[in-house]
Amino acid sequence: MENPVIIFGASYLGRQAKDILENNGNVIYCFLDDNKKLHNTIIDEITVMGSTDDDDYLKLIGKKCDAVVAIDDNKVRKSVVTILQEERHAQPVNVISKLAFVAGSAVIGHGNILDHQVTIGAGATVGNHTILQAGCIVGPEVKIGDFVQIGAGSIVNAGCEIANEAFIGTGVTVVGGVSIGKGARIGAGSVVIASVKAGDTVFGNPAQSVKS
């Protein structure tokens, strides 16, 4: 990235994105966050200048600054991405740690965050606006949709398909060839041995549907 970066989100994920970006040699312009208590405060030497819909800063995106959306709430994340795409005609950029490994044959979209020690295997496809936490492994030929979150230390084995907006918690193992449906949620530490329907929540070893 040649331009300074505005980070949308000043929570733990924004701070981690800042650390990765600075280690990659990028300059951070400011944080934007909807928590007004954070406005005009300094976090890790960077000022929280305003809210995520502040037009004074949005108008810089695509001209003088690039954007990173570091918000783990998918509803808010999608809203910010929509504003950037429709009003600024800009795509959030990827944040990829130097300590991550991405196979040369893997394909990655826009606006993703790949934390330290993430591994993306040969022929894998990662969509847009996903969050891959530290140490997670995405095996060969895995297909990951948009707005997916995969927790630290989780392993998604070869040939799996993870649909849009799915959430996989910390330390999960998904065996090879399994499909995770749109918006499904996998509880931390689970072992998923069978496909999960859209919108379902599963937990345990082996993972079972959690009844509300």
* Asked: Should the heavy atoms of other residues, nucleotides or ligands under 6.0 Å from CZ of R88 be counted, would the total exceed 12?
  -> yes
* **Polar side-chain atom of S79 near backbone of K75 as donor-acceptor pair, under 3.5 Å** => no
* Indicate yes or no: at least one non-hydrogen side-chain atom of V81 is less than 4.5 angstrom from one of F147. => yes
* Indicate if I162 and V191 have the same hydrophobic cluster label, given that clusters are the connected sets of ILVMFWY residues with side-chain heavy-atom separations under 4.5 angstrom. => yes
* To do: Give the minimum heavy-atom separation between G204 and S190, together with the two atoms involved.
  => N-OG, 3.0 Å
* Asked: G171 and S154: which non-hydrogen atoms are nearest, and at how many Å?
  -> N-OG, 3.2 Å
* Compare all side-chain heavy atoms of S97 with those of L114 and state whether any distance is below 4.5 angstrom. => no
* Structure fact -> For I28 and K18, the nearest pair of non-hydrogen atoms, with its separation, is CG1-CG, 4.0 Å
* Between N157 and T173, is any pair of side-chain heavy atoms under 4.5 Å apart? -> yes
* Interatomic distance, L84 atom CG to H89 atom NE2 [nearest 0.5 angstrom] -> 11.5 Å
* To do: Look at the side chain of N164 and the backbone N and O of G145, then say whether any donor-acceptor pair between them is shorter than 3.5 Å.
  => no
* Within the distance-only criterion (no hydrogens, no angle test), does the side chain of D33 pair as donor or acceptor with the backbone N or O of N35 below 3.5 angstrom? -> yes
* Structure fact -> When rounded to the nearest 0.5 Å, the distance separating CD1 of I144 from CG of N128 is 12.0 Å
* Structure fact -> Output for pair (L38 CG, L32 CG), nearest 0.5 Å, gives 11.5 Å
* Asked: Does some side-chain heavy atom of V118 sit less than 4.5 Å from a side-chain heavy atom of C136?
  -> yes
* If two hydrophobic side chains count as joined below 4.5 Å and joins carry through other members, does L60 share a cluster with V69? -> yes
* Any link between I168 and I193 through a network of hydrophobic side chains (Ile, Leu, Val, Met, Phe, Trp, Tyr) touching at under 4.5 Å? -> yes
* Asked: What pair of heavy atoms forms the shortest contact from S105 to A122, and how long is it?
  -> OG-CA, 3.4 Å
* Asked: Can you check whether K59 reaches D56 side chain to side chain, under 4.5 Å on heavy atoms?
  -> yes
* Which residue, V172, V175, V156, forms the side-chain contact (heavy atoms from CB on, under 4.5 Å) with V192? -> V172
* Identify the residue among V138, N112, I150, I113 that makes a side-chain contact (heavy atoms from CB on, under 4.5 Å) with T130. => N112
* Sub-4.5 Å side-chain heavy-atom contact between L132 and D115 -> no
* Asked: Under 6.0 Å from the CD atom of E22, do we count more than 12 heavy atoms belonging to anything else shown?
  -> yes
* Same apolar cluster: Y57 and I61, side chain cutoff 4.5 Å -> yes
* Asked: From K182 NZ over to D146 CG, what is the distance, rounded to the nearest 0.5 angstrom?
  -> 10.0 Å
* To do: Quick one: pull up CG in N24 and CD1 in I96 and give me the separation to the nearest 0.5 Å.
  => 8.5 Å
* To do: Supply the atom-to-atom distance H39 NE2 to S51 OG, rounded to the nearest 0.5 angstrom.
  => 3.5 Å
What pairs of donor and acceptor atoms, side-chain ones from residues 4-12 against any protein atom, are under 3.5 angstrom apart with sequence neighbours left out?
residue: Y12; atom: OH; partner: D72; partner atom: OD2; Å: 2.9
residue: Y12; atom: OH; partner: Q133; partner atom: NE2; Å: 3.4

* Applying the 4.5 Å side-chain criterion to the ILVMFWY set and letting contacts propagate, would F167 and V76 be lumped into a single cluster? -> no
* Asked: Does the side chain of D34 come within less than 4.5 Å of I71's, by heavy atoms?
  -> no
* Asked: Where is the tightest heavy-atom contact between D19 and H116, given as atom of each residue plus distance?
  -> OD2-NE2, 3.7 Å
* Asked: How far apart are the closest heavy atoms of V102 and A106, and which atoms are they?
  -> CG1-CB, 4.0 Å
* **Under 3.5 Å donor-acceptor, S209 side chain and V202 backbone** => no
* Would you check if H129 and V80 make a side-chain contact, meaning some heavy-atom pair closer than 4.5 Å? => no
